[in-house]
Amino acid sequence: MTADQKAELLRLDSAGFLPAPGENREEFFIRTGEIIRVHKEFDERIEQVGSADVFDFVTVRSSDKIAPELVDDVARQTWELYGFAVRHVPGFYLTKAVGLLWGGCMLSDPDENFSIMLLRNAFKNHRRFLSYTRDELLAHELCHSVRQSLCEITLEEYFAYQTAKSPLRRYLGNCFIRDVDALLFVIPMLLLPVAEVLKALVFPGLPVWAFWILAVIYPVFLLVRNWHSRRIVNRVRSVLKRCNVRQAEAVLFRSTLAELKTLVGFDGGAEEFRRWAAAQAENELRWQVIVARFIDEDELDMQEKGACCNEDS
């Protein structure tokens, strides 16, 4: 790898582009080039036409675009937490009718190399809606935009929810990682009052206790699964800190679940960990970047913390 290629890899990582597992350098540069091109063309079309249809069911307007200074504020937050500052993903306030509790989301199409953030229109003039803040939602969705190249969901919500101000949301955020989780959480609870009515009016011998078991068993499963995932991350975080990794959160964020599980039982020192990371880097481009940005002492001494929060990054 040339010095220019290495510098470009580190710059792209700082801007929120992670190599996918197994992706080589040429594939990564081609993919990120396409992502940058597609988003640049979208920005130009919005500026020229004033509006655009995305994913065939959402229309966004240039007048509803999220202000760049708000994105800059969020970029500083994600930089401090995970070492990236995303600016290529456009964000808009959604003026169409949405659900009562809906705050925002990110829509992505990896095949088209395009992502977009949408926030409830109430955030256009107000920083807070219910228990959500605008900055928190933006940071949350930008974490999703970065980690989507890893193509795994087990810890996706965990890392995104670490941007939350609420300790409870940070702890419970990773409970719901699939759409079916919310359904299986709510449906048994909705059946409880139905069962009580049926017992009172139609079936006096109906075993309502069985419905209580159904209502409790899936929330318990979600809590146990969340505890197990958090335990893995916490144990690896302890390993990284013991091995003098300065930005442990950034390394955790860029790692797959399989890699974290490998490190759970690691009991060596800092030098042994660096050898392990170097071995990972021999086969994974992503770990070449992780080693250069967060583990290699010479590189760390040369980096200026926060440099990638400038507009040129």
Side-chain angles (χ1 to χ4, degrees), residues 11-18 35-36 38-55 58-108 113-148 156-157 159-166 169-170 173 249-250 253 305-313:
R11 187 190 71 82
L12 288 170
D13 182 84
S14 298
F17 295 97
L18 300 190
I35 292 173
I36 293 169
V38 167
H39 286 86
K40 182 178 180 181
E41 290 178 354
F42 176 82
D43 287 339
E44 292 173 349
R45 186 165 75 250
I46 281 286
E47 290 300 319
Q48 293 172 1
V49 181
S51 65
D53 295 328
V54 293
F55 300 105
V58 175
T59 299
V60 295
R61 301 178 302 182
S62 58
S63 58
D64 295 321
K65 190 170 184 179
I66 297 172
E69 54 266 26
L70 294 179
V71 178
D72 287 343
D73 289 340
V74 173
R76 293 186 185 95
Q77 294 178 33
T78 58
W79 178 263
E80 291 176 4
L81 186 59
Y82 294 132
F84 69 79
V86 173
R87 289 192 176 86
H88 68 279
V89 178
F92 294 85
Y93 300 106
L94 191 60
T95 56
K96 67 181 292 185
V98 294
L100 180 64
L101 301 179
W102 186 85
C105 70
M106 186 190 74
L107 301 177
S108 300
N113 296 304
F114 182 73
S115 299
I116 186 171
M117 293 184 297
L118 300 173
L119 290 188
R120 192 184 189 93
N121 196 47
F123 285 114
K124 193 171 187 177
N125 298 311
H126 302 281
R127 183 174 174 271
R128 178 179 292 275
F129 173 75
L130 298 179
S131 62
Y132 300 109
T133 64
R134 183 174 53 202
D135 290 355
E136 178 182 328
L137 281 173
L138 286 173
H140 182 106
E141 301 306 335
L142 287 175
C143 286
H144 286 317
S145 76
V146 175
R147 267 186 61 91
Q148 66 181 336
E156 185 69 18
E157 294 297 338
F159 289 111
Y161 269 104
Q162 297 314 296
T163 62
K165 300 295 187 295
S166 165
R169 279 206 292 275
R170 290 200 300 271
E249 299 304 322
F253 182 87
K305 202 170 185 180
C308 290
C309 281
N310 296 325
E311 279 297 324
D312 294 336
S313 61

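Residue numbers count from 1 along this sequence. Remember, it's a predicted structure, so these values are computed and weren't measured experimentally.
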Quiz item: Considering residues at least two apart in sequence or located in another chain, which fulfil the salt bridge (charged side-chain N to carboxylate O under 4.0 Å, His left out) criterion with Arg128?
Solution: none
Self-check item: Rounded distance [0.5 Å steps], CZ in Arg61 versus CD1 in Ile46
Solution: 10.5 Å
Self-check item: ring-ring contact (aromatic ring centres under 6.0 Å, His included) partners for Phe17, two or more places apart
Solution: His88
Quiz item: CE/Met106 to CG/Leu142 distance, rounded to the nearest 0.5 angstrom?
Solution: 8.5 Å
Quiz item: Looking at side-chain heavy atoms only, is the closest gap between Arg87 and Asp72 below 4.5 Å?
Solution: yes
Practice problem: Nearest 0.5 Å please: distance from the SG atom of Cys105 over to the CZ atom of Arg120. | Solution: 12.0 Å
Exercise. Check side chain to side chain donor-acceptor pair (under 3.5 Å) between Asp73 and all other residues, then give those that pass, not counting sequence neighbours.
Key: Arg76
Quiz item: When rounded to the nearest 0.5 angstrom, what distance separates CD in Glu141 from CD1 in Ile116?
Solution: 12.0 Å
Quiz item: Do the non-hydrogen side-chain atoms of Asp43 and Lys65 ever get within less than 4.5 Å of each other?
Solution: yes
Quiz prompt | pair Phe159-Val146: side-chain heavy atoms closer than 4.5 Å | solution = no
Practice problem: Would you please test Leu119 and Arg134 for side chain to side chain contact (heavy atoms under 4.5 Å, CB included) and show each step? | Solution: CA-CA 8 Å; Leu119 290 188; Arg134 183 174 53 202; 3.8 Å; yes
Quiz item: Going by heavy atoms in the side chains, are Leu18 and Phe253 under 4.5 Å from each other?
Solution: yes
Self-check item: Under the side chain to side chain donor-acceptor pair (under 3.5 Å) test, residues paired with Glu136 that sit two or more places apart
Solution: Arg169
Practice problem: Could you tell me which residues satisfy salt bridge (charged side-chain N to carboxylate O under 4.0 Å, His left out) with Lys165, sequence neighbours excluded, listed by chain and number? | Solution: none
Self-check item: Side-chain heavy atoms of Val74 within contact of Thr163, under 4.5 Å
Solution: no
Quiz prompt | Which residues share a ring-ring contact (aromatic ring centres under 6.0 Å, His included) with Tyr132, sequence neighbours left out | solution = none
Quiz item: Who passes salt bridge (charged side-chain N to carboxylate O under 4.0 Å, His left out) against Glu249, sequence neighbours left out?
Solution: Arg237
Quiz item: Just wondering, do Leu138 and Phe123 contact through their side chains at under 4.5 Å, heavy atoms?
Solution: no
Exercise. List for me each residue that meets side chain to side chain contact (heavy atoms under 4.5 Å, CB included) alongside Gln162, sequence neighbours excluded, and say none if there are none.
Key: Leu81, Tyr82, Tyr158, Arg170, Arg230
Quiz item: Do Thr78 and Val86 pass the side chain to side chain contact (heavy atoms under 4.5 Å, CB included) test, and can you show the C-alpha distance, the side-chain angles, and the key distance before you say yes or no?
Solution: CA-CA 8 Å; Thr78 58; Val86 173; over 6 Å; no
Quiz item: What are the two closest non-hydrogen atoms of Leu137 and Gly104, and how far apart are they?
Solution: CD1-N, 4.3 Å
Practice problem: State, to 0.1 Å, how close Ser51 and Thr59 come at their nearest heavy-atom pair, and which atoms those are. | Solution: CB-CG2, 4.5 Å
Exercise. Starting from the C-alpha separation in whole Å, work towards a yes-or-no answer on side chain to side chain contact (heavy atoms under 4.5 Å, CB included) for Val54 and Phe92.
Key: CA-CA 11 Å; Val54 293; Phe92 294 85; over 6 Å; no
Quiz item: Under the side chain to side chain contact (heavy atoms under 4.5 Å, CB included) criterion, do Asp13 and Phe84 qualify, and how do the steps go?
Solution: CA-CA 7 Å; Asp13 182 84; Phe84 69 79; 5.9 Å; no
Practice problem: Taking the side chain as every heavy atom from C-beta outward, state whether Ser115 and His39 have any pair of such atoms under 4.5 Å apart. | Solution: yes
Self-check item: With sequence neighbours excluded, residues passing side chain to side chain donor-acceptor pair (under 3.5 Å) with Lys124
Solution: Asp64
Quiz item: What heavy-atom pair brings Ala85 and Ala75 nearest, and what distance separates the two atoms?
Solution: CB-CB, 3.8 Å
Self-check item: Set of residues satisfying ring-ring contact (aromatic ring centres under 6.0 Å, His included) with respect to Tyr161, sequence neighbours excluded
Solution: His140
Self-check item: Residues in side chain to side chain donor-acceptor pair (under 3.5 Å) contact with Ser145, at least two apart in sequence or another chain
Solution: none
